[in-house]
Amino acid sequence: MTRAAVVVILVVVSVVLGGQRSSATNAVAPERTLRVCADPNNLPFSNQKREGFENRLAEIVAAELHARVAYTWWAQRRGFVRNTVKAGACDVLMGVPVGFDMTLVTKPYYRSSYVFVSRRGDHVHVRSLDDPVLRRVRVGVQLVGNDGQNTPPAHALAARGVIANVVGYTLYGNYVDPNPPARIIEAVARGDIDIALVWGPLAGYHAPRQSTPLDIRPVTPQIDRTRMPLAFDIGVGVSRAHPELREEINAVLKHKQAEIARLLDEYGVPRVVAPAQGGAHAR
Amino acid sequence: MAAKDYANTRFSGLTQITTANVSRLQPAWSFSTGVLRGQEAAPIVVNGTMYIVTPYPNIVYALDLTKPGAPLKWKFNPKPDASSQGVACCDTVNRGAVYSNGKIIFNTLDDHTIALNAESGAQIWNATLGDINRGETITMSPIVVKGKVLVGDSGGEFGVRGWVTALNESDGSMAWRAYHTGPDKDVLIGPNFKPFYQDHQGKDLGITSWPPDQWKIGGATMWGWISYDPTLDLIYYGTSNPGPWNAELRPGDNKWACTVFARRPETGEAIWAYQYNPHDLFDHDSINEHLVLDLQINGQMRKVLVHPERNGNMYVIDRQTGEVLSAEPFAYTNTSEGVDLRTGRLKYVEAKEPKQGKVIRNICPPEPGAKDWQPTAYSPKTGLVYIPHQNLCQDMEGTEVSYIEGTPYVGANVKMYAGPGGNRGVFSAWDPVHAKEVWSVKENFPVWSGTFVTATDVVFYGTMDGWFKALDAKTGNQLWQYKVGSGIIGQPITYKGPDGKQYVAVLSGVGGWSGAIVAGDLDAGDPTAAMGFVNAMADLPKASTKGGTLYVFSLP
């Protein structure tokens with residue numbers, strides 16, 4: 001990833017959400033534009049080469065809406081939503097958690113959870129946050145630093161008094177490196193830490209790409225004893241200015257459910273069933 | 001320098017403007033910076049020229065005071081990396097430049113320190129001190145001591161490791177860097193380090209007072225003020241809060257966050273240190289200014305530092321040893337009950353300690369503290385410290401679903417609101433010898449501007465709704481006010497022009513953390529935006545629009 005990739009590229013496109021016919025004579029150009037804001041450097045979600053599953057999902061949605069995708073790239077850090085959707089630069093974010101209140105959110109298209117990542121050769125079959133092994137080995141968690149809060153596993157371990165053997169990794173990393181949040185997975189493969197607790201899609205994609213075989217197991221329970229969730233439903237974030245677009249995307253997500261499931265499988269996104277539906281384990 | 005003198009007093013000996021004639025003060029000229037973000041800088045006046053640094057993109061303007069209307073002499077645009085806007089915490093402010101030996105030296109948000117020829121605006125050197133891609137930024141105003149340009153970093157929110165760096169004034173090369181976490185050799189702690197309190201003594205406390213390796217991302221940056229005492233040859237500054245914010249994740253004192261250091265300017269060697277907030281619970285950075293004063297304490301002349309701390313206490317510290325002589329609340333606080341003067345430790349109130357899954361109401365002072373970066377002034381004539389500050393409290397619970405870097409988590413739902421009395425801001429005069437308030441003026445909005453005081457006992461400050469005010473420094477009686485275009489969060493100054501007349505100057509342009517709702521176009525319907533500050537500032541957009549204008553005043 002070059003430094004140029006982090007420079008914000010403002011893609012200037014016209015808002016043609018109503019789908020009215022363009023007055024342009026070029027008959028080949030789609031008449032609609034799906035304006036997406038995305039991080040240019042954060043696989044498996046998105047990158048500027050459009051290699052992430054969120055990039056692919058955007059293409060699926062756009063095709064159904066007879067639209068073309070136009071991106072505004074912006075690091076998904078503090079101020080991301082404010083500087084993108086809220087600033088009117090785009091209409092959708094391809095992944096946000098249900099309950100996120102800075103945008104409208106569609107129905108979820110997947111539910112994942114935080115997972116344990118360990119070296120296969122270590123035979124650490126940890127599934128529970130209460131497993132005593134978490135007190136004995138070096139455990140890595142990611143730290144947010146925004147909002148005075150941190151990732152749910154960091155809090156869950158602290159609540160259990162598991163601190164002295166916990167190593168914090170900044171979620172942000174160095175933005176000139178590719179996919180900065182992936183450093184913690186590499187740390188497990190390298191042996192710097194024994195277990196990492198990270199968000200499922202990040203692990204599902206990066207773990208198989210390490211030279212050391214790694215195992216992934218969803219964290220239980222999904223809702224921790226402090227009522228903090230470790231599993232989240234993810235939908236598409238839609239600008240509050242376009243409630244009708246949310247309904248259109250909801251229809252696409254339903255219609256293309258099987259294709260989207262295949263897409264998520266391709267990227268190794270671990271999915272879990274909500275406890276209310278009887279499942280605490282990976283599908 | 002932005003702080004007027006090494007002692008950080010912001011006291012002016014000019015006498016033309018007095019309590020008797022200040023009511024006739026009127027606008028002389030103005031200048032638009034062309035940047036509509038929070039204007040926190042102090043204008044610098046040297047040799048008939050005024051220098052201003054804007055917020056990001058950190059343009060420097062030189063204005064010719066020898067000509068009517070102060071026309072532009074030169075302009076320098078450093079063109080900082082655009083991505084720094086995406087990764088910088090808070091508003092993209094800059095707190096001003098410093099003049100030294102024919103050079104104007106300033107910092108950019110993307111971690112450069114740049115020296116310009118003050119006469120021509122030509123770049124002399126340009127040093128890179130940090131990496132924006134790691135979350136490091138610079139917003140502070142540098143100072144120059146004995147040929148060393150002293151600079152600190154910002155970005156504790158992103159898990160950076162804080163430092164202060166000295167550059168050689170001649171060529172911008174690095175002379176030394178002192179980290180604020182990690183091993184003693186990195187903190188520049190050596191055999192001459194003699195902290196006053198026992199729990200500050202011991203090897204590598206910057207490692208051992210943290211969970212393993214956490215010091216590597218432990219924050220403790222330095223984005224505030226540095227002062228200097230030439231007689232003792234020591235610089236003084238305080239470090240920011242430790243990271244991560246959640247205190248539960250970092251058991252231990254987390255040294256050397258929230259700590260004042262005394263160091264040798266030429267080598268950076270630490271001589272003593274004192275930690276204001278061991279194991280900080282509330283994001284209470286200790287980067288506020290340290291006034292270098294000689295005061296009669298209990299009948300004895302003492303060389304002291306006076307420090308209004310974010311935790312709400314006014315500290316008086318022996319600046320030779322680091323002993324706390326007194327620490328009394330200058331604002332309402334219910335999160336701590338003073339300092340144990342025997343051990344030096346702040347006495348936290350347990351009920352207010354943030355814990356995961358626990359809702360805590362009425363935390364006073366909240367994250368920005370009883371006073372944030374906005375610098376105080378001291379008048380040797382009145383013997384009083386003038387404190388622009390806020391009066392806020394907050395509720396805190398972890399309930400808001402957030403998403404960063406593709407990773408969901410539950411953010412803290414923080415809401416700030418006015419403290420006791422209902423006013424959000426206060427401008428007060430404090431007697432540091434008797435450790436008590438002498439007078440205070442309530443302001444509707446937090447007082448986020450700097451201040452200065454003159455030998456004729458006139459003290460100036462600005463409000464976030466755009467009133468620039470002059471008060472009688474002895475009584476607090478208001479003598480004059482003028483409504484400027486946008487709210488004031490800058491540092492006012494006074495200077496004698498080439499025509500021999502005394503002028504007063506201030507930048508207008510609301511923003512900063514408190515004013516982010518206007519400068520950053522935040523949604524008033526989202527009370528937790530700007531880390532909960534928006535809840536307290538929902539009415540600011542009605543009181544002030546964005547701005548970026550310098551105003552200069554004089555007598556007719």
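Interface residue A/Val98: only backbone heavy atoms are found under 4.5 Å from chain B. Of the atoms belonging to A/Arg225, not a single heavy atom falls under 4.5 Å from chain B. Contacts of B/Asp283 with chain A are absent, with no heavy-atom separation under 4.5 Å from either backbone or side chain. Contacts of A/Ile234 with chain B are made by side-chain atoms alone, with heavy-atom separations under 4.5 Å and no backbone atom involved. Using a 4.5 Å cut-off between heavy atoms, A/Val166 touches chain B through its backbone atoms (N, CA, C, O) alone. Only the backbone of A/Tyr169 comes within less than 4.5 Å of a heavy atom in chain B; its side chain stays farther off. For A/Ala159, no part lies near chain B; criterion is any non-hydrogen pair under 4.5 Å. Interface remark: A/Phe100 contributes backbone and side-chain atoms alike to the contact with chain B (heavy atom separation under 4.5 Å). Interface remark: A/Asp39 contributes side-chain atoms only to the contact with chain B (heavy atom separation under 4.5 Å).
For the residue pair B/Tyr403 and A/Gly95, the shortest heavy atom distance occurs at CE2-O, 3.0 Å. Listed here is the closest heavy atom pair of A/Met228 and B/Val410: CE-CB, 4.2 Å. Contact detail for A/Ile163 and B/Glu248: the closest heavy-atom pair is CD1-O, 3.7 Å. When every heavy atom of A/Leu171 is checked against every heavy atom of B/Glu405, the shortest pair comes out as CG-CB, 3.9 Å.
More than 12 heavy atoms of other residues, nucleotides or ligands lie within 6.0 Å of CZ in A/Arg111, so this atom counts as buried by the packing criterion. Within a 6.0 Å sphere centred on NZ of A/Lys86, other residues, nucleotides and ligands contribute more than 12 heavy atoms.
For the side chain to side chain contact (heavy atoms under 4.5 Å, CB included) test with B/Tyr409, the passing option among A/Pro152, A/Pro229, A/Pro153 is A/Pro152; the others fail.
In this structure the side chain of B/Thr407 reaches within 4.5 angstrom of the side chain of A/Tyr114, judged on heavy atoms. The closest side-chain heavy-atom distance from A/Arg138 to B/Asp213 is below 4.5 Å. Residues B/Asp131 and A/Tyr175 are not in side-chain contact: their nearest non-hydrogen atoms beyond the backbone lie 4.5 Å or more apart.
Side-chain atoms of A/Gln76 come within 3.5 Å of backbone atoms of B/Gly406 as a donor-acceptor pair (strictly under, hydrogens ignored).
Taken from CD in B/Glu136 to CG in A/Asn174, the straight-line distance is 9.5 Å, to the nearest 0.5 Å.
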